[in-house]
Every structure is written in structure tokens, then in C-alpha cells.
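A, B, ... follow the sequence lines: proteins, then strands. Residue 1 opens every chain.
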Protein chains: 2
Amino acid sequence: MNKVTIDDIAKVAGVSKSTVSRVLQGRVAVHPDKKNAVLTATRRLGFKPNIVAQSLASGRSMTIGVLTQNMGSPFYDAIAQGVIAGLSPSSYSPIFADGRWQIPMELSALQSLVGRRVDGLVLIGGSISSQQIQECCNELPIVIVARRFSDSNYRCISMDNVHGGYEATRHLLDCGHRKIAIIRGLSHHADAIERHQGYTRALEEFGIVPDPRLMVESDFSPDSGLSAVRELIKRGEPFTAIFAANDLTAFGARLALDQHGLRVPDDVSIIGFDDQLESAYMTPPLTTYHQPAREMGHHAAKAILKLLQGDEFLSLQVPGHLVVRRSVRDLTTIVH
Amino acid sequence: MNKVTIDDIAKVAGVSKSTVSRVLQGRVAVHPDKKNAVLTATRRLGFKPNIVAQSLASGRSMTIGVLTQNMGSPFYDAIAQGVIAGLSPSSYSPIFADGRWQIPMELSALQSLVGRRVDGLVLIGGSISSQQIQECCNELPIVIVARRFSDSNYRCISMDNVHGGYEATRHLLDCGHRKIAIIRGLSHHADAIERHQGYTRALEEFGIVPDPRLMVESDFSPDSGLSAVRELIKRGEPFTAIFAANDLTAFGARLALDQHGLRVPDDVSIIGFDDQLESAYMTPPLTTYHQPAREMGHHAAKAILKLLQGDEFLSLQVPGHLVVRRSVRDLTTIVH
DNA sequence: CGATATCCTGAAACCGGTTTCATGATGGCT
DNA sequence: AGCCATCATGAAACCGGTTTCAGGATATCG
């Protein structure tokens with residue numbers, strides 16, 4: 001292990017430890033001779049500063065706590081990757097804790113992060129209330145990703161899911177679809193609710209009354225997408241298109257259709273949500289609504305860095321956009 | 001912020017800070033009355049220990065450094081997720097740094113981790129030499145995942161890629177395929193090399209001389225899988241099956257085949273490698289070789305925890321296995 | 001040339017805990 | 001009753017840095 005301390009350097013360089021510290025920090029002027037002596041000794045002894053001691057003394061830990069929900073969802077993973085990337089050019093390191101979408105775990109993970117004296121916090125998704133956050137993180141710079149608080153003054157980096165749901169549904173409508181099924185996500189999940197709202201709004205704009213028989217729930221997993229389509233088919237209510245809660249669900253749905261001998265997009269069209277890497281390689285490539293997950297994570301990292309510098313930073317809505325590929329059939333084009 | 005220190009508690013409870021520390025640690029007996037007083041004060045004041053101070057004093061930082069290569073590959077991501085999960089029941093937190101498969105970055109990331117005085121290290125993949133590792137991490141418990149060192153005494157958690165490559169190819173052979181193309185990964189990447197070795201061995205067992213015209217390189221991305229198939233088709237050498245470097249590459253290959261009007265598995269069979277989540281939902285579901293990525297990460301976490309406890313732990317080869325789905329056609333069954 | 005401002009520098013306090021050490025109190029045993 | 005082992009506890013040292021403070025050396029200025 002590295003047993004070299006600044007005291008050792010001080011001794012070798014023939015100066016006091018204060019001077020060593022000053023040289024190493026480089027914020028205060030030190031006589032060139034001593035400076036050189038310190039630098040030489042530092043190199044010769046292979047000194048590596050003890051960041052823990054630095055943290056305790058300076059009050060800054062140079063770490064950013066990242067609270068994920070680790071549901072293995074590509075979307076949340078991509079956000080986390082973005083945070084790592086955004087932080088990496090700085091001298092801050094991310095430290096992760098995992099809430100697993102369960103409030104008690106989320107709370108304790110958060111407390112563990114705060115106990116580690118992180119200098120800032122990035123909260124990805126999650127379900128705890130803004131009040132609970134406030135309680136344990138007074139004064140700490142916080143950025144929330146992929147979630148929005150109506151009531152609070154937190155900085156949030158999010159995407160407009162209502163609008164996304166609207167655009168996706170609207171695309172199906174524009175392509176002439178009228179019987180549009182929706183596989184929505186978990187009933188209590190904000191993203192699912194908002195996308196569903198967008199769906200409803202788009203339909204109503206076209207004077208269509210949303211049919212509960214064309215609505216199935218899922219848990220965002222491919223498997224639930226598969227069951228959802230089976231359920232849909234069992235109900236017998238015809239449909240020409242499916243709006244899936246996310247791409248993963250769309251994959252499951254696509255497979256179920258295949259198993260029932262229904263062709264995509266010839267018989268049934270599918271639109272997803274997220275635009276994860278694999279979606280472009282579905283057969284047929286999946287039309288979906290792109291969520292800039294990685295960018296959001298990246299933004300979050302930059303935001304925290306800004307706040308840490310004392311700069312202000314305001315909530316940000318990152319725009320998503322429709323990615324048209326080949327899984328939606330255009331019914332308005334007359335085929336021979 | 002939390003300004004309550006054990007001195008405050010000591011004052012309120014009317015004991016010394018040593019006693020407070022002892023109560024909080026619970027390792028030494030303390031008179032019940034005082035113990036109660038301390039506990040009450042702790043609760044009333046809302047005391048949260050400063051982990052940084054604890055670390056400095058005790059010499060243990062309660063953090064495990066995780067060095068990833070963050071190439072956004074589902075396989076490596078899954079390992080990292082496994083590490084997070086495996087660590088989460090303990091009181092150790094993972095702290096991440098990213099090498100991006102570039103030796104200089106890898107080295108500096110490693111040094112930053114060591115500077116943070118992590119108590120243990122999990123290295124996922126990577127390219128730095130075992131000597132370089134040794135230089136900066138003397139004495140530190142280390143577990144290597146998804147990589148093996150021939151020369152060293154590190155504990156490695158890995159899978160036998162040669163065997164995996166062999167099994168995958170063997171499956172194709174057993175299904176009657178003889179013209180088997182391989183899309184191998186990056187030329188210098190150990191996993192790619194080993195899987196390729198397994199491929200070659202299986203072919204030779206069947207008396208088949210590997211045909212360089214049926215070998216294309218890729219970079220493990222879906223896009224490179226797509227180009228690889230185009231290249232293969234352009235070369236004109238017929239083939240009935242493709243062994244892809246990983247599932248992502250297989251997705252790309254599958255799409256390329258579709259674009260050329262070739263059906264899977266009727267015209268061409270595909271086998272992948274990894275068994276990532278999405279593979280079961282490809283159309284047709286992808287036959288692939290399962291790598292227990294998450295388990296490997298989980299094992300790594302448990303291993304580090306063991307080493308930290310003073311227990312020994314030896315290198316581990318986690319077995320993979322073939323997952324037969326529907327993307328490989330059995331040519332040995334006579335079709336009318 | 002003396003007075004004052006400025007620059008360096010070392011000593012010491014500090015960050016908030018853990019751990020060692022010494023001591024007084026208790027308890028067990030003969 | 002007397003002696004030694006045990007126990008509980010507070011004081012103080014310690015972890016390895018940063019930062020304050022004060023003083024000596026130097027520079028500036030009238």
C-alpha cells in the first residue's frame with residue numbers, strides 16, 4: 001500500500017507539511033526552490049494523496065452520488081452511462097446506490113450516499129417524495145433525471161412524456177390507423193401515465209373514444225408485451241396498430257404477433273418508445289419515439305458540476321423525437 | 001447539512017466521545033444506562049455518522065472500486081449490475097470509474113480509485129497488463145471479471161470462451177451445417193480470439209478446413225454485423241449458417257439477411273453469443289450461447305466481500321450454456 | 001532610513017471519527 | 001478482609017490532510 005504521507009515529503013524536502021500542502025494545491029505562491037524540493041520528493045517517494053483525508057479536511061469528498069433504480073432497463077442504464085461519461089473529464093467520481101424502485105430501499109440508499117458526504121446528487125427516476133428528499137439532503141446540490149416534481153424547486157432533466165405519447169399515437173393516426181391498441185406500463189408509473197395521456201389526447205383530437213378493450217397493462221418487460229398481445233387477441237376486439245409502453249414491450253409484442261401468424265407491419269403496425277440500440281435491428285426495424293437517455297445523463301452530470309461551481313442551472317426538458325423506421329404501415333397509401 | 005457530531009451526542013448524553021463511539025459500534029460492552037442515553041441522544045439529534053471521518057480513522061473506506069470499460073455493451077453492463085446487486089446487502093458501496101478500453105484512461109481511472117482508498121477492486125474486462133495492475137494496487141484485494149491472466153495470481157471470474165465458441169459451432173455442425181460463416185469480434189480482443197479458436201476446433205473435429213472467405217471481422221456492434229453479412233454475400237461463397245461474435249452482431253446480421261430476402265432460419269441459420277435480454281424476442285428467437293454476465297458480477301462482489309473478511313477465494317470459471325431457440329435450422333431432419 | 005505593506009512559512013488547530021492507554025470501580029476467590 | 005482479574009470509561013493520541021494564525025524576511029514608500 002501507499003504509506004507515503006505529506007509528512008514524509010516535508011521531512012525529505014526540508015519544509016513544513018503546510019508548505020507541502022500548499023505546493024500540491026498550487027493555489028498559493030511558494031518559493032521556487034522549496035517548490036522544486038517538494039515536487040522532487042513527491043515524485044521520488046511516489047506520493048499519492050489520501051483522498052479520504054483530503055475530504056475530511058476540506059469538507060469536499062469529490063464524489064457525486066448517483067441513485068439509480070437498477071431495474072435493468074436499457075433506458076435507465078443509458079442515463080447512468082451518460083452520467084459516468086459526463087463526470088469523467090472532471091475530478092469528481094460517481095458513486096452508485098440502488099433503490100430498486102422500492103421506497104424503503106431508495107431511502108436507505110439515499111441516506112448511505114449522504115452519509116458518504118457526497119458533494120452532489122443525481123437522482124435517476126425513483127418514487128420517493130420531494131419532501132423525503134429534502135429531509136435528508138438539505139443544501140446538497142441535486143439534479144433529478146427522468147422525473148419531474150410539480151411542487152418543488154428541484155432541477156429536473158426530463159422529457160415530455162405526454163407529448164411523446166401524443167406524437168407516437170399521432171403518427172399512427174396520420175398513417176390512417178384508427179383501431180389503436182395501447183400496451184401501457186405499470187399503472188402507477190408516472191411515465192406510463194403520461195404517455196397514456198398523450199395517447200388519449202391524440203385519439204380525442206381525431207374524435208375517437210379510447211376503447212378500454214384496446215388497453216392492456218404491462219411492466220415494461222418484453223415478456224409482459226408478449227402476454228399483452230395474447231390478451232388483446234383473446235379479447236377479439238380488432239386493431240391495426242399497437243402503441244407499446246417502451247421498446248422492450250414492443251419486442252415482446254412483435255414476437256407474439258409473429259406467433260399468431262400476424263405480419264408486421266402488413267397486418268399490425270407497432271410503435272415503441274425509447275429507441276434503444278437494438279430497436280433499429282428488429283425485423284422490421286422498429287418505429288419508435290426516441291428518448292435521449294444518454295444525453296439526459298450527460299446533462300445531469302454537467303448540471304451538477306455547474307451547481308458545484310456556484311453557477312445556477314435551471315430545469316431542462318430535453319426534446320425527444322419520432323424515429324420512423326419500418327414497423328408502421330401507412331394505410332393512406334392505396335395499394336394497387 | 002448534518003452538523004451533529006459525536007461530540008454533540010457526548011455532551012447531551014453526558015458521556016465521553018469514546019463511549020459514544022463504542023455504543024455506536026456495538027463491539028464493546030457499555031453500561032446499559034449510558035448506552036440508552038447515547039442512543040436516545042443519537043435519535044433526538046438525528047445523528048448521521050460521517051463516513052469520511054470513519055474511513056480516515058479506521059483505515060477502511062467501505063467502498064469497492066469498480067473499473068468498467070463502459071462500451072455500452074449489454075454484456076459488460078450486466079456484469080456491472082451484478083456487482084451492484086451483490087454488494088448491496090453489505091455496507092460497502094461501489095464506486096465506478098471508466099477505462100473506455102483505452103489503456104491510458106484505464107490506468108488513470110485505476111489510480112483515481114486507489115487514491116480514493118477503496119478497500120477492494122473489481123476490474124471488468126480491460127486491457128492493462130497484470131504488472132501495471134500490481135504496480136498501483138499492491139496488497140489491495142482484487143477480483144477480475146470477464147478476463148483471465150495466464151501469468152498471474154489474480155482471482156479471475158471468467159467464462160471459457162473457447163469452449164463457448166466450440167459449443168456454438170458444434171451445435172451448428174450437429175444440425176447438419178457445414179458451410180459455417182463466422183463474424184468474429186475485434187481482432188485483438190481476447191474474447192473474440194478465443195471464440196474463434198473454439199469455432200476452428202469444432203470445424204476441425206468434423207474434418208472441415210476453416211475457409212477464410214467465410215470469416216469477417218466486426219466490432220461487436222449490430223451495425224458491424226450488418227456490414228459483415230453484406231460483405232459475406234458479396235464474396236459469393238455460399239454458407240448455411242452464421243456464428244456471430246455476440247448477440248448484438250447477430251441482430252445486425254439478421255436484419256441484413258432480411259434485407260437480402262434470406263429467411264432465418266429457413267435459408268440461413270444464426271447463432272449468437274451472450275444471450276442478452278432482447279435475444280429471446282428476436283424474430284425468430286435467437287439461439288445463442290448464454291454468458292452468465294450478471295452472475296459473474298454477483299460472484300465478483302461476493303468474492304471481494306470474502307477477501308475482505310480474510311477468507312480465501314479462488315479463480316472461478318462460470319459455466320455458460322447453449323440456449324436453443326429458433327434461429328438455427330436442423331438440416332438433419334428430412335423435410336418431405 | 002524608518003515605517004508599513006506584502007510575501008513566505010512553520011506551528012498549531014481542525015475535520016470527525018477510532019483506538020490505545022491508564023485508571024477507578026467491581027467482582028471473584030481464598 | 002485482602003488481592004488480583006475484569007470491566008467500564010474518559011483522556012488523549014491518531015488517521016492525513018487543510019487552513020488559520022502569527023511572525024520573520026523582504027519589498028515598497030515617503
> Would you mind telling me which of dG17(C), dT9(D), dT9(C) lies closest to the side-chain atoms of Thr19(B)?
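Of the options given, the side chain of Thr19(B) lies nearest dT9(D).
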> I need the single residue from Asp119(B), Val122(B), Val118(B) that forms a side-chain contact (heavy atoms from CB on, under 4.5 Å) with Ile304(B). Which is it?
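Testing each of Asp119(B), Val122(B), Val118(B) against Ile304(B), the sole residue satisfying side-chain contact (heavy atoms from CB on, under 4.5 Å) is Val122(B).
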> dA11(D), OP1 or OP2 - any side-chain N/O from Ser16(B) closer than 4.0 Å?
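Looking at the OP1 and OP2 atoms of dA11(D), neither is under 4.0 Å from any side-chain N or O of Ser16(B).
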> Whether the side chain of Lys17(B) and the base of dG10(D) hold a donor-acceptor pair under 3.5 Å is what I'd like checked.
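For Lys17(B), whose side chain was compared with the base of dG10(D), there is no donor-acceptor pair (under 3.5 Å).
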> Would you classify Val15(A) as touching base, sugar-phosphate or nothing, given that sugar-phosphate means primed atoms plus P, OP1 and OP2, and contacts are heavy atoms under 4.0 Å?
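Here Val15(A) touches the backbone only, sparing every base.
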> Roughly how many Å is it from CD1 in Ile51(A) to C1' in dT18(D), rounded to a whole number?
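Roughly 15 Å, once rounded to whole Å.
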> In whole Å, I'd like the distance from the CG atom of Asp33(B) to the P atom of dT26(C).
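These atoms are roughly 13 Å apart.
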> Walk me through it: do Arg155(A) and Glu312(A) pass the test side-chain contact (heavy atoms from CB on, under 4.5 Å)?
CA-CA 10 Å; Arg155(A) 294 87 172 173; Glu312(A) 216 2 277; 3.2 Å; yes
> From the list dT9(C), dT19(D), dC15(D), which nucleotide is the closest neighbour of the side chain of Val30(A)?
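Ranking dT9(C), dT19(D), dC15(D) by closest atom to the Val30(A) side chain puts dT9(C) first.
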> Examine the base of dG10(C) for any acceptor or donor lying under 3.5 Å from a partner atom in the side chain of Arg22(A), and report the outcome as yes or no.
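Pair found.
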> Out of Ile144(A), Val143(A), Leu110(A), Val66(A), which residue meets the side-chain contact (heavy atoms from CB on, under 4.5 Å) rule with Leu121(A)?
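Result: among Ile144(A), Val143(A), Leu110(A), Val66(A), Leu110(A) is the only option passing the side-chain contact (heavy atoms from CB on, under 4.5 Å) with Leu121(A).
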> Counting side-chain heavy atoms from CB outward, which of dT18(D), dT9(C), dG16(D) is closest to Ile6(A)?
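The listed nucleotide nearest to Ile6(A)'s side chain is dT18(D).
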> For the pair made of NZ in Lys35(A) and C1' in dT9(C), what is the distance, rounded to whole Å?
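So the NZ-C1' distance, Lys35(A) to dT9(C), works out to 15 Å.
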> Taking CG from Asn50(B) and C1' from dG16(C), how many angstroms apart are they, rounded to a whole number?
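Roughly 6 Å, once rounded to whole Å.
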> Could you check how far CG of Leu56(B) sits from P of dC15(D), rounded to whole Å?
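My rounded result for the distance is 9 Å.
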> Counting distance only, does the side-chain N/O of Gln276(A) pair as donor-acceptor with the main-chain N or O of Pro74(A) below 3.5 Å?
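No, the answer is negative, given that no donor and acceptor are paired below the 3.5 Å cut-off.
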> Could you pick out which residue, Ser18(A) or Ala29(A), lies toward the 5' side of DNA chain C when each is mapped onto its nearest nucleotide?
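Per heavy-atom nearest nucleotide, the more 5' residue is Ala29(A).
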> Can you see if the side chain of Gln25(A) gets near the phosphate of dT19(D) - specifically, an N or O under 4.0 Å from OP1 or OP2?
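It does, given that an N or O in the side chain of Gln25(A) lies less than 4.0 Å from OP1 or OP2 of dT19(D).
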> When you check the gap from the basic side-chain N to the acidic O, do Lys302(A) and Glu295(A) get nearer than 4.0 Å?
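No, no charged N to carboxylate O under 4.0 Å.
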> Would you say dG16(C) has OP1 or OP2 under 4.0 Å from some side-chain N or O of Thr5(B)?
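Checking Thr5(B) against dG16(C): no side-chain N or O falls below 4.0 Å of OP1 or OP2.
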> Taking atom C1' of dT18(C) as reference, at what distance in whole Å does atom CG of Asp7(B) sit?
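My rounded result for the distance is 13 Å.
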> NZ of Lys11(B) versus C1' of dG16(C): gap in Å, rounded?
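Rounded to the whole Å, the gap is 13 Å.
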> Could you pick out which residue, Ala53(B) or Gly14(A), lies toward the 5' side of DNA chain C when each is mapped onto its nearest nucleotide?
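It is Gly14(A) whose nearest nucleotide is closer to the 5' end.
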> Take atom NZ of Lys34(A) and atom P of dA25(D), then tell me their distance rounded to the nearest Å.
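Whole-Å distance recorded here is 12 Å.
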